[in-house]
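See structure below.
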2 protein chains.
Amino acid sequence: MKQLKEALDTLKDTGVRITPQRHAVLEYLINSMSHPTADEIYKALEGKFPNMSVATVYNNLRVFREVGLVKELTYGDASARFDFVTTHHYHVICENCGKIVDFHYPGLDEVEHLASHVTGFKVENHRMEIYGSCPECASKEVH
Amino acid sequence: MKQLKEALDTLKDTGVRITPQRHAVLEYLINSMSHPTADEIYKALEGKFPNMSVATVYNNLRVFREVGLVKELTYGDASARFDFVTTHHYHVICENCGKIVDFHYPGLDEVEHLASHVTGFKVENHRMEIYGSCPECASKEVH
DNA sequence: TTCTTACATTATAATTGTTATAATTAATTT
DNA sequence: AAATTAATTATAACAATTATAATGTAAGAA
């Protein structure tokens, strides 16, 4: 609940209106510990907001991203997934069922420094994903 | 040239037919040191193969990916980019102009091990991208 | 070689995720 | 409350990719 309150404060501070739809999308993102797609959010809120447009979901996710509340994750060819930003973390992804698990790892700043040094880029950030099979899928695989 | 030859051998070994189109796509991927999109490849080979279909490009890129010759890179919302696999490396990407520079970093196996340990996943591989501004774009930015 | 079968390519249509547009509605400022 | 600004809706457009069906091509069997 604290997260939601803080997020709403962030919106207020940046002059973004807090509409019922935005509230609902944010709340869903925070509560669902998964990393939903825009369509999943849309479908999940269909009950509460029968008239809400998909465009609204996309629009608001973009707004949240611009404000820094939400990260857009784009894997493979499927649709983008959205992650409420808490602390910096990485994702471990099951190539079989698509499950995404958060994973913390401290020391990758060094990589940024080295990359900056080698390429001359002004490095801002990085992302990393680890791929494999989740325990459930791994146990089902043929050996 | 050696790379192309080896790639063709790989195709032969895996029973994939080497058609003129496949040869051309592979050659283009290897020679262009960039990371072209399917459409760029399509347009680049238009001269040589006026009748080639976009589907052929996509089909063959998929075949190459399945055989392990090519990696598909999917960033943001733009179109996928394709990278001929040589040695394992990471990408440094300019958020302004989209330029992609290769970058080597040895010690990220440890991350895989830790991830596996913490999440119980059977980890297969990982990817990492570093984002920032390339020297050219950085120098143009307002300070 | 010719026949047969399996695979590739082509052209086109369909699909999917996302964005743009215009009209309507709601919220904030004056 | 009136005026202004922003948000939502419904719909159309778009772009990247994939599926489909027809045609073409190559490799192995007869």
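First the proteins, then the strands, lettered A, B, ... as listed; each starts at 1. Treat the numbers as computed from the prediction; the structure is a model and nothing was measured.
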| field | Phosphate-side-chain proximity, A:Tyr58 and C:dT18, N/O vs OP1/OP2 below 4.0 Å | value | yes

Using whole Å, what does the distance between atom [atom2] of nucleotide [N] and atom [atom1] of [X] come to?
| X | N | atom1 | atom2 | value |
| --- | --- | --- | --- | --- |
| B:Glu66 | C:dA8 | CD | P | 11 Å |
| A:Arg65 | C:dT18 | CZ | P | 11 Å |
| B:Glu40 | D:dT17 | CD | P | 11 Å |
| B:Tyr42 | C:dT12 | OH | C1' | 12 Å |
| B:Leu11 | C:dC7 | CG | P | 16 Å |
| B:Lys12 | D:dA26 | NZ | C1' | 14 Å |
| B:Arg62 | C:dC7 | CZ | P | 14 Å |
| B:Asp39 | D:dC14 | CG | P | 16 Å |

| Base, backbone or nothing for each nucleotide of nucleotides 5-12 of chain D, written B, S, -, heavy atoms under 4.0 angstrom, 5' to 3'? | BBSSBB--

| query | Counting N and O atoms only, with roles assigned by atom type, does the side chain of A:Ser116 sit under 3.5 Å from a partner on the main chain of A:Glu112, one being a donor and the other an acceptor? | reply | no

Residues 36-48 of chain B side chain polar contacts: donor-acceptor under 3.5 Å, at least two apart:
residue : atom : partner : partner atom : Å
B:Thr37 : OG1  : B:Glu40 : N            : 3.1
B:Asp39 : OD2  : B:Lys43 : NZ           : 2.6
B:Glu40 : OE1  : B:Thr37 : N            : 3.2

| query | Got more than 12 heavy atoms from elsewhere within 6.0 Å of NZ, A:Lys71? | reply | no

| message | Suppose we screen for salt bridge (charged side-chain N to carboxylate O under 4.0 Å, His left out). Which residues come up paired with B:Arg65, at least two apart in sequence or across chains? | response | B:Glu72

| query | Between B:His23 and B:Tyr28, is the ring centre distance below 6.0 Å? | reply | no

| Which atoms form the tightest heavy-atom contact between A:Phe121 and B:Lys99, and what is the distance? | CZ-O, 4.4 Å

